[in-house]
Amino acid sequence: MVTKLHLYNSWTRSLEPFVPLEAQKVGVYACGPTVYDYAHIGNFRFNVWVDVMRRVLEWNGYEVKLVMNITDVDDKTIAGATRLKQSLGDYTARYTEAFFDDLCRLRIAPAEHYPRATEHIDEMVKLVERLKARGLAYEQDGSIYFRVERFPDYGKLSRLDPRHLRSTGRIEGDAYDKENIRDFALWKGAKEGEPSWDTRIGLGRPGWHLECSAMSMKYLGETFDIHVGGVDLMFPHHENEIAQSVGATGNSLAQFWLHCDHLIVNGTKMSKSLGNQYTLKQLLDEGHDPVAIRYLLASVHYRKQLNFTYEGLGQANAAVARLRELVLRLEKCTEGLPSEGSGEGKAALQRADEGFRETIADDLNTSGALGHMFSLVKATNAALDCGNLASGEATAILAWFHDVDRIWALLPREQQLVERTIEIKGAVLEAIGIPISDDDFELVTARMQARADRDFVAADRLRDRLLKRGISLEDTAKGVRWHVDVSGRSG
RNA sequence: GGCGGCGUGGCCAAGUGGUAAGGCAGAGGUCUGCAAAACCUCCAUCCCGAGUUCGAGUCUCGGCGCCGCCUCCA
């Protein structure tokens with residue numbers, strides 16, 4: 001059964017079957033960060049979504065080429081570097097590295113290219129020259145602007161009628177003179193104290209939108225499959241990108257435009273003045289599991305606003321634990337299962353698989369797909385409890401969870417369990433969990449001994465003591481399992 | 001003012017016009033020395049009003065509420 005992937009195209013405002021330009025290959029351009037500060041969880045909502053999208057594409061058999069720009073020169077990076085009396089490169093390197101570290105913590109698969117704006121000045125210059133040759137760009141006081149009037153499709157993506165654009169104080173504050181208020185800067189003339197490049201189009205630096213057009217063209221060609229970004233970038237950034245690219249080449253820029261909605265915090269937009277701009281580091285320092293954060297960010301459909309709360313993060317954490325619990329259970333018990341079952345396991349697997357494929361293919365409906373996945377968690381647990389699950393079914397179900405985890409990336413990456421068997425009063429018991437200190441392990445074994453001696457007062461005391469050290473115990477028929485309530489260490 | 005989105009149980013959140021997935025939390029039960037984990041049972045009629053329809057959370061219209069964009073912004 002093949003379910004065709006459909007994506008909601010912002011360009012047409014409709015759900016369309018996804019067909020790449022080149023069979024089985026997909027080129028994706030994602031508007032990346034401007035590295036003037038640490039990224040906040042809103043940025044990571046976007047990045048987790050892009051990651052899920054690329055993984056769904058791969059899961060569907062496509063070869064993905066993802067390009068994400070790093071904007072390392074603009075008003076804010078220049079202002080930041082100036083404030084700290086640092087070179088622009090030193091200033092942006094710090095935030096660029098921090099960004100990559102965070103992506104890694106969130107298990108985001110790296111893009112194929114992370115082009116920097118400052119390393120593509122030449123490509124941008126060439127693009128401006130093409131635009132000038134077509135009469136779409138003009139120079140004024142050392143800066144170069146795009147002539148919006150000459151690009152009739154301007155406003156088509158965002159469906160904003162340029163004539164109705166309300167002028168705000170910000171425009172009036174623009175220090176550059178232009179023919180028309182709507183025109184935007186392609187190249188900003190050099191200013192005292194600002195970094196600049198001496199090029200064929202003059203001494204200066206690139207405007208904000210130019211790098212995306214130049215770099216997508218370089219790495220993905222003039223027309224590519226999917227362009228993604230945050231909703232707020234639709235206007236003016238993407239509109240300007242289209243004007244620059246299509247204006248220069250005459251070809252359409254992207255087949256599909258996908259826009260991710262914002263993350264809000266406690267019902268309101270994040271802003272520095274409200275002090276609700278969480279960074280990933282902050283959440284990790286507070287002891288939250290990056291995988292739970294990933295789950296939370298991925299669990300709401302990308303076209304809906306996601307309201308970030310600590311309560312939600314706690315719920316995400318519990319959901320991930322439930323999933324891992326079942327997978328661990330399957331890994332541990334396959335050999336002890338009957339060869340024949342009731343068939344319920346097989347049926348549940350098929351239901352989940354079909355539902356999952358259909359749902360995730362429907363514009364990346366992650367919450368719906370997770371629903372199907374958890375239905376299988378429940379059915380599997382139930383079958384195991386009843387002794388109804390055949391070993392073949394268990395193997396197939398386990399393989400399925402690992403397969404869909406190629407999309408979610410929530411499961412432990414490698415076997416991190418320490419297993420030790422201990423003989424107490426002639427009974428062989430196992431102790432199992434992720435690595436803990438020898439001291440803690442001694443407490444675990446001491447408690448096992450106390451239980452075997454039926455000294456429950458001592459056993460409970462030891463259990464409490466471990467709990468205070470962040471280790472919770474779970475007595476099973478075979479022995480004891482411990483859980484370390486870590487923070488940020490489940491990777 | 002222009003453009004767009006959202007409003008489903010205590011919280012989060014799916015849902016092709018046919019009588020409400022899933023997760024978290026809660027209550028009761030099974031299991032357990034007690035717990036934990038797991039399982040079983042229970043827990044909504046979908047912001048309001050009108051309309052279309054044999055039938056609407058799902059379509060239309062009108063309200064109410066919340067949010068986003070309109071040249072910093074993922």
Side-chain angles (χ1 to χ4, degrees), chain A residues 10 13 30-34 36 39-47 49-50 74-76 79 155 158-168 170-171 173-174 181-185 208-209 228-237 239-240 259-264 267-271 295-296 299-301 303-307 309 311-323 325-326 328-329 355 358-359 362 365-378 380-386 451 454-457 459-460 463 467 472-477 480-481 483:
Chain A
S10 307
R13 305 275 166 117
C31 284
T34 299
Y36 68 100
H40 53 65
I41 46 170
N43 299 112
F44 293 118
R45 194 254 171 124
F46 172 71
N47 283 96
W49 165 63
V50 172
D74 82 315
D75 295 352
K76 281 180 293 192
S158 55
R159 312 218 165 163
L160 288 175
D161 184 340
R163 288 168 305 183
H164 289 159
L165 295 187
R166 193 192 221 182
S167 104
T168 69
R170 283 177 279 186
I171 298 182
D174 197 322
I181 197 87
R182 288 149 44 200
D183 293 349
F184 59 91
W208 171 37
H209 319 287
V228 298
V231 277
D232 55 315
L233 293 184
M234 196 181 274
F235 186 90
H237 183 62
E239 212 66 77
N240 292 356
H259 289 93
C260 183
D261 210 326
H262 278 307
L263 174 146
I264 57 178
T268 55
K269 189 178 174 172
M270 275 192 294
S271 76
Y295 177 92
L296 177 63
S299 65
V300 176
H301 186 82
R303 283 196 284 119
K304 267 189 87 171
Q305 277 184 345
L306 189 160
N307 186 19
T309 61
E311 189 185 0
L313 186 50
Q315 293 178 0
N317 196 56
V320 171
R322 178 168 165 80
L323 172 66
E325 199 67 48
L326 183 264
L328 181 64
R329 190 178 182 191
E358 200 173 303
T359 309
D362 180 15
N365 182 348
T366 49
S367 15
L370 287 169
H372 289 290
M373 187 179 82
F374 277 104
S375 295
L376 183 59
V377 169
K378 184 171 193 157
T380 305
N381 268 319
L384 280 165
D385 276 8
C386 302
R451 281 192 76 222
R454 302 195 67 78
D455 181 356
F456 298 120
V457 176
D460 288 351
R463 184 168 63 189
L467 192 60
S472 56
L473 299 181
E474 193 175 303
D475 300 319
T476 73
V480 63
R481 282 177 52 195
H483 296 270

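We use all heavy atoms of the structure for the numbers below, so side chains are in, but hydrogens, waters and symmetry mates are not. Proteins come first, then strands; the chains are lettered A, B, ... in the order of their sequence lines, and each starts at number 1. Given the structure is predicted, the values throughout are model-derived calculations rather than measurements.
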Subject >> Sidechain N-carboxylate O distance under 4.0 Å for A/Arg159, A/Glu239 >> reply: no
Original post:
Which of these nucleotides, B/C34, B/G23, B/C6, is closest to any side-chain atom of A/Lys304?
Top reply: B/C6
**OP:** Can you figure out which of B/C70, B/C40, B/A36 approaches the side chain of A/Leu160 most closely?
**Re:** B/C70
Subject >> Distance between P atoms of B/A20 and B/C46 (Å, rounded) >> reply: 12 Å
Original post:
What is the pairing partner of B/C61, taking Watson-Crick or G-U wobble pairs with both distances under 3.5 Å in any strand?
Top reply: B/G49
Original post:
How is A/Leu473 classified with respect to the nucleic acid when contacts are heavy atoms under 4.0 Å: base, sugar-phosphate, or nothing?
Top reply: base
**OP:** Would you please name every residue forming a side chain to side chain donor-acceptor pair (under 3.5 Å) with A/Asn381, sequence neighbours left out?
**Re:** A/Arg329
Original post:
For A/His301, which contact category applies under a 4.0 Å heavy-atom criterion: base, sugar-phosphate, or nothing?
Top reply: sugar-phosphate
Original post:
Counting side-chain heavy atoms from CB outward, which of B/A36, B/C69, B/C73 is closest to A/Phe235?
Top reply: B/C69
Subject >> Donor-acceptor pair under 3.5 Å, A/Gln315 side chain vs B/C11 base >> reply: yes
**OP:** Can you tell me, in whole Å, how much space there is between the C1' of B/A14 and that of B/G7?
**Re:** 15 Å
Subject >> Touch class at under 4.0 angstrom, heavy-atom based, for A/Gly229 against every strand present >> reply: sugar-phosphate
Subject >> Between B/C66 (C1') and A/Asp261 (CG): distance, integer Å >> reply: 13 Å
Original post:
Hey, is A/Phe46 stacking on B/A74? Ring centres under 5.5 Å, planes under 30°.
Top reply: no
Subject >> Interatomic distance at P, B/U45 relative to B/G5, whole Å >> reply: 29 Å
Subject >> Shortest non-hydrogen contact from A/Pro236 toward A/Trp208 >> reply: CG-CZ3, 4.5 Å
Subject >> Length of the line joining A/Asn307:CG and B/C24:C1', which is rounded to integer Å >> reply: 15 Å
Subject >> P gap between B/C64 and B/A21, integer Å >> reply: 33 Å
Subject >> Sugar-phosphate, base or nothing in reach of A/Gly230, heavy atoms under 4.0 Å >> reply: sugar-phosphate
Original post:
Is there a Watson-Crick or G-U wobble partner for B/C34 with both distances under 3.5 Å, and if so, which one is it?
Top reply: none
**OP:** Write down the partner of B/U41 under the Watson-Crick or G-U wobble criteria, each distance required to be under 3.5 Å.
**Re:** B/A27
Subject >> For atom CD of A/Gln305 and atom C1' of B/G68, their distance in whole Å >> reply: 6 Å
**OP:** Nearest whole angstrom, please: distance from the P of B/G68 to the CG of A/Asp232.
**Re:** 12 Å
Subject >> Nearest atoms (heavy-atom pairs only) where A/Leu296 meets A/Leu306 >> reply: O-CD1, 3.6 Å
Original post:
Whom does B/C72 pair with, Watson-Crick or G-U wobble, provided both distances fall under 3.5 Å?
Top reply: none
Original post:
Between B/G68 and B/A74, how far is it from one P atom to the other, in whole Å?
Top reply: 16 Å
**OP:** Could you tell me the separation between the CG atom of A/Leu384 and the C1' atom of B/C31, rounded to a whole number of Å?
**Re:** 15 Å
Original post:
Would you say the side chain of A/Asp385 and the base of B/C40 hold a donor-acceptor pair, judged only by whether the two atoms sit under 3.5 Å apart?
Top reply: no
**OP:** Could you measure between the two C1' atoms, the one in B/G62 and the one in B/G23, and give it in whole Å?
**Re:** 36 Å
**OP:** Scan A/Arg451 against the nucleic acid and name what it touches under 4.0 Å (heavy atoms): base, sugar-phosphate only, or nothing.
**Re:** base
Subject >> Candidate list A/Lys269, A/Met270, A/His40, test side chain to side chain contact (heavy atoms under 4.5 Å, CB included), partner A/Leu263, passing option >> reply: A/Met270
**OP:** Report yes if at least one side-chain N or O of A/Arg322 is closer than 4.0 Å to OP1 or OP2 of B/G23; otherwise report no.
**Re:** yes
Subject >> Euclidean distance for P, B/G18 against B/G10 (whole angstrom) >> reply: 25 Å
Original post:
In the strands shown, is B/G4 matched to any nucleotide by a Watson-Crick or G-U wobble pair with both distances under 3.5 Å, and which?
Top reply: B/C67
**OP:** Apply side chain to side chain donor-acceptor pair (under 3.5 Å) to the pair A/Thr359 and A/His372, showing each step before the final yes or no.
**Re:** CA-CA 9 Å; A/Thr359 309; A/His372 289 290; 3.2 Å; yes
**OP:** For the side chain of A/Arg159, starting at C-beta, report the closest nucleotide among B/A74, B/G33, B/C3.
**Re:** B/C3
Original post:
Can you find a donor-acceptor N/O pair under 3.5 angstrom joining the side chain of A/Asp460 to the base of B/G33?
Top reply: yes
Original post:
A/Arg45 and A/Cys260: which non-hydrogen atoms are nearest, and at how many Å?
Top reply: CD-SG, 3.7 Å
Subject >> Span that lies between the C1' atom of B/A38 and that of B/G57, in whole angstrom >> reply: 33 Å
Original post:
Within less than 4.0 Å of OP1 or OP2 of B/A37, is there a side-chain N or O belonging to A/Asn381?
Top reply: no
Original post:
What does A/Phe374 touch in the nucleic acid at a heavy-atom separation under 4.0 angstrom: a base, only the sugar-phosphate, or nothing?
Top reply: sugar-phosphate
**OP:** Indicate, with a heavy-atom threshold strictly under 4.0 Å, whether A/Leu263 touches base, sugar-phosphate, or nothing.
**Re:** base
Original post:
With a non-hydrogen cut-off below 4.0 angstrom, is A/Ser367 in contact with a base, only sugar-phosphate, or nothing?
Top reply: base
Original post:
Out of B/C24, B/C69, B/C34, which nucleotide sits closest to the side chain of A/Lys269?
Top reply: B/C69
**OP:** Pick base, sugar-phosphate or nothing for A/Arg463, based on heavy-atom distances below 4.0 Å to the nucleic acid.
**Re:** base
Subject >> Under the side chain to side chain donor-acceptor pair (under 3.5 Å) test, residues paired with A/Asn47 that sit two or more places apart >> reply: none
Original post:
Which one, B/C40, B/A21, B/G15, comes nearest to the side chain of A/Ala382?
Top reply: B/C40
Original post:
Counting side-chain heavy atoms from CB outward, which of B/A37, B/G22, B/G15 is closest to A/Glu325?
Top reply: B/A37
Original post:
If you check every side-chain atom of A/Arg182, which of B/C70, B/U71, B/A74 has the closest atom?
Top reply: B/U71
